[in-house]
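Report on the structure given below.
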Amino acid sequence: MSKTSKKKEPVILVTNDDGINAPGIRALVEAVKGLGKVVVVAPDKPQSGMGHAITIGQLLRLQKSNVFEGVEAYSCSGTPVDCVKIAVDKILHRKPDLCVSGVNHGANHSINVIYSGTMSAALEASIESIPSIGFSLLDLSIDADFSAAGKYARVIVQKLLSGKSLDKHLCLNVNIPAVQEKLIKGIKICRQAYAKYEEEFDERKDPHGKKYYWLTGEFVNFDKGKDTDVWALKNNYVSVVPVQFDLTNYKLKQQLETKWKF
């Protein structure tokens, strides 16, 4: 094969919402090393639960980082979505071939996808026609074992890079159960479960006697289907849910067009 016909090395943008120093992003960088030119742009501090927030009216700062040996990396003072935007405009000066986000410390299955900074970064890439994947491990601890997450992240990234693009806005939400690698049964393509937190605010008082509130809640699965991400994870499968940023309810749209007359 001549040099001119040699396939170009793909550019892989890595980000997250737990911050550039989180163990999960280190695991993801290691997982995708060798699959392309890896560039990291991640928040300089934890940004969990930020959803699709962007920074407006405040400055953003970028700082070159040496956190990952042999990998070009930057920390950003903004949100996960800011990281994707600024990476494209000021660091890569082009769209990457793939954006991967995570590995998140904790689940992003079911309704969590709405609040997740991890998945919002992936969806931001998807909006810009950059194929993207968000990875999450169902373990919140700082010393979580990311070995299985890294293995399956590499398998899924390789699968995506080796095939023809299925959708210009492709975005996958991947969750990995927090069990030993040998107990994971495989990968399942799923739909998002209808499950959410039954929440309440715990009312307390500070040392000055003033009230403050702490959000608490219990995760409840209302979906009994066996094709959901919650079911797959409970049964020790890696769940893969294709997600999209178009929130239109097309079924309801048709009903309104038929029944509502103005």
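One is the number of the first residue; the rest follow in order along the sequence.
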[Y] and [X], any side-chain heavy atoms less than 4.5 Å apart:
| X | Y | result |
| --- | --- | --- |
| Glu199 | Leu215 | yes |
| Val174 | Ser239 | no |
| Lys95 | Glu128 | yes |
| Cys83 | Cys76 | yes |
| Ile12 | Leu35 | yes |
| Asp97 | Val11 | yes |
| Leu28 | Val14 | yes |
| Lys85 | Ile54 | yes |

In terms of heavy-atom contacts, does [atom1] of [X] have more than 12 from other residues, nucleotides or ligands at under 6.0 Å?
| X | atom1 | value |
| --- | --- | --- |
| Phe245 | CZ | yes |
| Glu181 | CD | yes |
| Lys90 | NZ | no |
| Glu69 | CD | no |

Same apolar cluster: [X] and [Y], side chain cutoff 4.5 Å:
| X | Y | answer |
| --- | --- | --- |
| Ile189 | Val241 | no |
| Met50 | Ile25 | no |
| Leu172 | Val157 | yes |
| Val113 | Leu140 | no |
| Val155 | Leu160 | yes |

Between the main-chain N or O of [Y] and the side-chain N or O of [X], is there a donor-acceptor pair closer than 3.5 Å?
| X | Y | value |
| --- | --- | --- |
| Ser116 | Asn112 | no |
| Thr79 | Asp82 | yes |
| His169 | Ser126 | yes |
| Gln244 | Asp246 | yes |

Side chain to side chain donor-acceptor pair (under 3.5 Å) between Thr118 and Asp17, intermediate numbers included: CA-CA 5 Å; Thr118 301; Asp17 75 350; 3.1 Å; yes

On a heavy-atom basis, which atom in [X] and which in [Y] lie closest, and how many Å separate them?
| X | Y | value |
| --- | --- | --- |
| Phe219 | Ala195 | CZ-CB, 3.5 Å |
| Asn104 | Ala107 | ND2-O, 4.4 Å |
| Asn221 | Ala193 | OD1-CB, 4.2 Å |
| Ser77 | Lys45 | O-NZ, 3.1 Å |
| Val67 | Ile20 | CG1-O, 3.9 Å |
| Ser75 | Ser65 | N-CB, 4.5 Å |

Salt bridge [X]-[Y], side-chain N to carboxylate O under 4.0 Å:
| X | Y | answer |
| --- | --- | --- |
| Lys226 | Asp223 | no |
| Glu30 | Arg154 | no |
| Glu257 | Lys253 | yes |
| Asp206 | Arg204 | no |

About how many Å separate [atom2] of [Y] and [atom1] of [X], when rounded to the nearest 0.5 Å?
| X | Y | atom1 | atom2 | answer |
| --- | --- | --- | --- | --- |
| Asn249 | Leu252 | CG | CG | 4.5 Å |
| Phe146 | His105 | CZ | NE2 | 3.5 Å |
| Tyr250 | Gln255 | OH | CD | 15.5 Å |
| Ile156 | Tyr152 | CD1 | OH | 9.0 Å |
| Asp18 | Asn21 | CG | CG | 11.0 Å |
| Glu200 | Glu218 | CD | CD | 10.0 Å |

Worked check of side chain to side chain contact (heavy atoms under 4.5 Å, CB included) between Tyr237 and Ile176: CA-CA 7 Å; Tyr237 288 96; Ile176 301 100; over 6 Å; no

Worked verdict on Asn173 versus Phe135 for side chain to side chain contact (heavy atoms under 4.5 Å, CB included): CA-CA 6 Å; Asn173 181 19; Phe135 294 98; over 6 Å; no

Classify the side-chain pair [X]/[Y] by whether it contains a donor and acceptor separated by less than 3.5 Å.
| X | Y | value |
| --- | --- | --- |
| Glu124 | His52 | yes |
| Ser136 | Asn108 | yes |
| Asn16 | Ser101 | no |

Worked check of side chain to side chain contact (heavy atoms under 4.5 Å, CB included) between Leu98 and Ile130: CA-CA 6 Å; Leu98 175 66; Ile130 302 164; 5.7 Å; no

Worked verdict on Tyr194 versus Gln192 for side chain to side chain donor-acceptor pair (under 3.5 Å): CA-CA 7 Å; Tyr194 173 51; Gln192 179 181 317; over 6 Å; no

Stepwise side chain to side chain donor-acceptor pair (under 3.5 Å) test for Thr216 and Asp202: CA-CA 7 Å; Thr216 64; Asp202 187 9; 5.9 Å; no

Member of Leu13, Val40, Val41 meeting the side chain to side chain contact (heavy atoms under 4.5 Å, CB included) criterion with Ile91: Val41

Steps toward side chain to side chain contact (heavy atoms under 4.5 Å, CB included) verdict (Arg191, Asp229): CA-CA 6 Å; Arg191 64 175 174 86; Asp229 48 6; over 6 Å; no

